[in-house]
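One structure is given here, and the rest of the page talks about it.
Not measured: the values here are computed from a predicted model. Basis for what follows: all heavy atoms, side chains included, without hydrogens, waters or symmetry-related copies.
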Amino acid sequence: MSRVCQITGKKAMVGNNVSHSKRRTKRKFDVNLFKKKFYMPDEDRWVQLTVSAAGMRTINKKGVKAALTEAQGKGYITKY
């Protein structure tokens with residue numbers, strides 16, 4: 001599975017390592033991802049998601065059901 005947040009769609013970014021002599025080499029900034037289980041009380045089941053820290057804050061703010069339907073609408077997740 002690729003390292004992409006299923007709620008926000010965040011993925012790795014590309015940037016530069018800059019040395020003391022200002023020499024630049026390519027590097028990758030990974031996303032802060034977690035495999036986490038969330039309980040959906042209306043469906044009485046658990047859902048396991050790969051979410052970033054920002055995605056967890058979104059779920060805490062909106063709720064699991066609303067965050068999943070929004071992510072499905074944006075195409076980040078196909079079926080939950």
Side-chain angles (χ1 to χ4, degrees):
M1 181 174 199
S2 62
R3 302 206 24 100
V4 178
C5 176
Q6 292 179 319
I7 298 297
T8 60
K10 288 187 175 202
K11 51 188 172 184
M13 295 174 55
V14 178
N16 288 315
N17 269 335
V18 183
S19 70
H20 185 68
S21 65
K22 305 292 190 271
R23 194 174 166 89
R24 286 160 168 80
T25 55
K26 286 289 187 185
R27 64 161 291 182
K28 190 165 70 168
F29 292 93
D30 283 325
V31 185
N32 192 14
L33 288 179
F34 305 95
K35 277 193 176 280
K36 192 110 167 85
K37 286 185 180 179
F38 295 98
Y39 183 68
M40 298 179 67
D42 52 338
E43 296 182 13
D44 193 33
R45 68 183 181 116
W46 290 87
V47 177
Q48 183 173 5
L49 298 171
T50 305
V51 293
S52 62
M56 281 197 265
R57 287 194 298 274
T58 303
I59 289 173
N60 285 338
K61 182 179 179 181
K62 296 181 180 179
V64 180
K65 181 77 173 173
L68 283 173
T69 54
E70 184 179 322
Q72 191 174 12
K74 291 183 178 178
Y76 301 142
I77 192 171
T78 55
K79 178 107 173 99
Y80 58 87

| query | For V31, what are the other residues in its hydrophobic cluster, where any two members join if their side-chain heavy atoms are less than 4.5 angstrom apart? | reply |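 Its cluster mates, by chain and number, are L33.
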| field | Atom pair CD1 (I7) and CG (L49), whose distance is rounded to the nearest 0.5 Å | value |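 Here the interatomic distance stands at 5.0 Å.
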| field | Pairing residues for F29 by the ring pair (Phe, Tyr, Trp, His ring centres under 6.0 Å) criterion, not counting sequence neighbours | value |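 Ring pair (Phe, Tyr, Trp, His ring centres under 6.0 Å) check on F29 returns nothing, list empty.
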| task | Over all heavy atoms of both residues, which pair between C5 and V51 is shortest? Give the atoms and the distance, please. | result |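 Here C5 and V51 meet closest at SG-CA, 3.8 Å.
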| field | Over all atoms of both residues, closest heavy-atom pair of Y76 and Q6 | value |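 Scanning both residues completely, I find the closest heavy atoms to be CB-O, 3.6 Å.
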Using atom types as modelled, flag every donor-acceptor pair under 3.5 Å from a side chain in residues 10-19 to any protein atom, sequence neighbours excluded.
residue: S19; atom: OG; partner: S21; partner atom: N; Å: 3.4
residue: S19; atom: OG; partner: S21; partner atom: OG; Å: 3.1
residue: S19; atom: OG; partner: R23; partner atom: N; Å: 3.2

| message | Tell me which pairs pass salt bridge (charged side-chain N to carboxylate O under 4.0 Å, His left out) where either residue lies in residues 44-58, with sequence neighbours left out. | response |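 Sorted pair list: E43-R45.
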| With sequence neighbours excluded, residues passing side chain to side chain contact (heavy atoms under 4.5 Å, CB included) with K79 |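 By the side chain to side chain contact (heavy atoms under 4.5 Å, CB included) rule, K79 matches no residue at all.
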Indicate every side-chain donor-acceptor pair of residues 67-75 with a distance under 3.5 Å to a residue at least two apart or in another chain.
residue: T69; atom: OG1; partner: K65; partner atom: O; Å: 3.1
residue: T69; atom: OG1; partner: A66; partner atom: O; Å: 2.9
residue: E70; atom: OE1; partner: K62; partner atom: NZ; Å: 2.6
residue: E70; atom: OE2; partner: K62; partner atom: NZ; Å: 3.1
residue: E70; atom: OE2; partner: K74; partner atom: NZ; Å: 3.4
residue: Q72; atom: NE2; partner: T78; partner atom: O; Å: 2.8

| task | Compare all side-chain heavy atoms of V64 with those of V47 and state whether any distance is below 4.5 angstrom. | result |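 Sidechains of V47 and V64: no contact.
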